Amino acid sequence: MPEQLGSVLIANRGEIALRIIRACQELGIRSVLAYSEADRESLPVKLADQAVCIGPANSVKSYRDPQAIISAALAFQVDAIHPGYGFLAENADFAALCEQEGIGFVGPASDIIRRMGDKIEAKKIARAAGVPTVPGSLGAIAQYDEALTVASEVGYPLLIKAAAGGGGRGMRVVESGETLERDLSEIMSEAETAFGDPSVYIERYLTDIRHIEIQVMSDGQSTVHLGERDCTAQRRNQKLIEEAPSPVLDDELREGLAQAAVALCQEVKYRNAGTVEFVFDNIERQYYFIEMNTRIQVEHPVSEMVTGIDLIKLQLEIAAGNPLPLTQDDIVIRGHAIECRINAEDPQKGFLPNPGRIENFRAPGGFGVRLDTHIETGYVIPPFYDSMVGKLIVWGQDRDEAISRALRAIEEMQIDGVTTTAQFQGEILASDVFRSGDFNTAFVAKFLADQVS
Ligand code: ADP
Ligand code: ADP
Ligand code: MG
C-alpha cells in the first residue's frame, strides 16, 4: 500500500476546490477548505470535512495571502496544502514557506516553480533539454537597441512577452518597427505593475498555429505523460474549449511532443503534475515549446477522461512521497474528450463578466457527461473572482460522438439568471470548421466577428 496523507488544506475555491475535496473523500483524507467571506455559502464549504474562513472577499487578503493560509494549515494540523490553480499555485515564495514550516505542498519544489515560472529561464532549460523553442531573444530585453537587433532576426509581426506573465496576460503583438520602442517600454511597465517583474522577451509572432500541451506526472526520478490536449479554441489567448487527442497530430509528431515534454521534466528532476505547453505551426507542422505550468490545469479532466486516470489522486499520492504507481505502458488513450469552460460572461459584449444570482440550474447528465461545478440554484456568483463557473466535459468513442454529446449536454443544461458562454460554445462546436478539426488560434475571434456582421 502507498503512503497516504492524513489531511489536506485546500487553498482555493469554486470547482477546483470541489474537485480536490472529492478526491480526498475517496482516499479517506481529511479535507480542510480555506475560504473567503464571499464564499461562505458555497458548495465546497458545505462538502469539505472542515472549513475555515481565512479572510475577506479580496483575494489579496485571503486566497492570495500566504500567511493566512499557513496559519490555517498549522491550526488545523494538516499534512499538506493543495493550491489548485491560479492564486498561490505557482507562487515559489509560498511553496518555500510551506517547506520552511514543514507542511507538504502538492506540487513541485519551490526552486523548480521559481525557475519554470520565469518564462525566459524555462525556455533556456527547454533548449538545454533539446526541446525546440519559438525563435526569438535568448534572454531578457531591456533596451530598445537589443529589441531592434532581435527584430531584424525574427521579423514582424513579433510578440513581446512578460517573463512572469500568465492567464493570457502580459503579451503584445508588434506589427512593425514604427511602434517597437513605445510598445517595449509600455509592456515593461505593464509587466512591472501586473506581475512585479518588468522582464520581457521577444518571440516571432506565429500566425497560423494551434496550442497543444502535454500532461506530465513525475516523482522526482521518472516521468510519464498522459498524452496531449489541444487548446486551440481560444479567445484573447485564453482557452475556451479543449480536447484530446488533438485532431491534427500523426503518431510521429504526437510521440515527438510527448518525448520533448518528458525530456524537459527529466532535465529539472520535476515532481508532481505539470503541463508542458507548445504552439504547433500548421504550415511547417513543427512544434515549439512556449512555457510550463507547474500545477494542475483547468483542463486536466480532458486527459482524465481519455486515460481513466484520476490526476488529483495521483498528485496526492506523489505528494505523500510515493513513487509513480504506473509506467508509460499502463497509460492508454481511449476515445475522445472535449471540455467547455463555462464562464459567466457575455460573448456578444466582448466576454464581459456577468456575475449575479442563478435563478434556476439544471445539470446535464447521461453516458459520458461530466460537469465539474460548484453552482446550484440560488447561488450568487461573486464579482471578485474568475468568471469561470464550471466545466462541461464529455467523452465519446470518437471525435464526432464527443461533439454530438457535448451539443446534447449543452442543450440539456440550464443556467437561468446569468449569461454564460455555454450557448456560444455550442455554436462553435456545431460549426463546420470546428467539426473539420482544421482551424487555428484565430478561429474563435473570427467566428464571433462573422456572427456579429
Ligand atoms: P490553464 O488553462 O493552463 O490551467 P489558465 O491560465 O486558464 O491556465 O488557469 C489559471 C487561471 O485560472 C488563473 O489565471 C486564474 O485567473 C484562474 N483561476 C484561479 N483560480 C480559479 C478558480 N478557483 N476558479 C476559476 N478560475 C480560477
Ligand atoms: P500564458 O502564460 O498566459 O498561458 P502562453 O505563453 O502559454 O501564456 O501563451 C498563451 C497563448 O498565446 C498561446 O496558447 C498562444 O495562443 C499564444 N501565443 C503564445 N506565444 C505565441 C507566439 N510566439 N506566437 C503566436 N501566438 C502565441
Ligand atoms: Mg499558457
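The model shown is predicted, which means the values in this text are computed figures rather than measured ones. Both ligands and their constituent atoms are indexed starting at 1 by order of listing. All residue numbers in this chain count up from 1 along the given sequence.
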Please check whether [X] reaches ligand 2 - meaning an N/O of the residue sits under 3.5 Å from an N/O of the ligand, judged on distance alone.
X: I209; value: no
X: Y205; value: no
X: V279; value: no
X: M171; value: no

Among the N, O or S atoms of E291, the one nearest the Mg ion (ligand 3):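 Restricting E291 to its N, O and S atoms, the minimum distance to the Mg ion (ligand 3) goes to OE2.
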
Would you mind finding which of E90, K119, R210, E277 brings a heavy atom closest to atom 8 (O) of ligand 2?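 Residue with the shortest heavy-atom distance to the ligand atom: K119.
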
For the residue pair Q297 and T275, confirm or rule out a side-chain donor-acceptor distance under 3.5 Å.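 Yes, because at least one side-chain N or O of Q297 sits under 3.5 Å from a partner of the opposite role on T275.
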
Can you list, pair by pair, the side-chain donor-acceptor contacts under 3.5 Å of residues 302-314, counting residues two or more places apart and other chains?
unit_1, atom_1, unit_2, atom_2, d
S303, OG, R229, NH1, 2.8
E304, OE1, R19, NH2, 3.4
E304, OE1, R370, NH1, 3.0
E304, OE1, R370, NH2, 3.0
E304, OE2, R19, NH2, 2.7
E304, OE2, L311, N, 2.7
T307, OG1, S303, O, 2.7
T307, OG1, I309, N, 3.2
D310, OD1, R19, NH2, 2.8
D310, OD1, I312, N, 3.1
D310, OD1, K313, N, 3.0
K313, NZ, E26, OE1, 2.7

Just jot down the ligand 2 atoms closer than 4.0 angstrom to any heavy atom of [X], in number order.
X: R204; result: 22 (C), 23 (N), 24 (N)
X: G165; result: 2 (O)
X: K161; result: 6 (O), 19 (C), 20 (N)
X: V134; result: 23 (N)
X: T441; result: 16 (O)
X: H211; result: 13 (C), 14 (O)

Residue-ligand contact K239/ligand 2, heavy atom below 4.0 Å: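 No, K239 has no heavy atoms under 4.0 Å from ligand 2.
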
Min heavy-atom dist Q238 to ligand 2 below 4.0 Å: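 No; Q238 lies far enough from ligand 2 that no heavy-atom distance drops under 4.0 Å.
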
Please tell me whether Y379 and H374 form a close aromatic pair, meaning their ring centres lie under 6.0 Å apart.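 Yes, the ring of Y379 comes within the 6.0 Å limit of the ring of H374, centre to centre.
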
Please report whether the ring centroid of F278 lies less than 6.0 Å from that of Y287.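 Yes, the ring of Y287 comes within the 6.0 Å limit of the ring of F278, centre to centre.
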
Salt-bridge contact [X]-[Y] (side-chain N to carboxylate O under 4.0 Å):
X: K446; Y: D450; answer: yes
X: E291; Y: K123; answer: no
X: R235; Y: E345; answer: yes
X: K239; Y: E213; answer: yes

Proximity of N293 to ligand 2 by residue part, where a heavy atom lies under 4.0 Å: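 N293 to ligand 2: no contact under 4.0 Å from either part.
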
Test: R399 cationic atom under 6.0 Å from F434 six-membered ring centre, within 45° of axis: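 So R399 does make the cation-pi contact.
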
Among N282, D230, D281, N440, find the one that has a side-chain hydrogen bond (donor to acceptor under 3.5 Å, both in side chains) with R210.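 So the option named by the test is D230.
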
Near the Mg ion (ligand 3), is there an N/O/S atom from E277 that is less than 2.8 Å away?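 Looking at E277, which is the residue asked about, there is an N, O or S atom under 2.8 Å from the Mg ion (ligand 3).
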
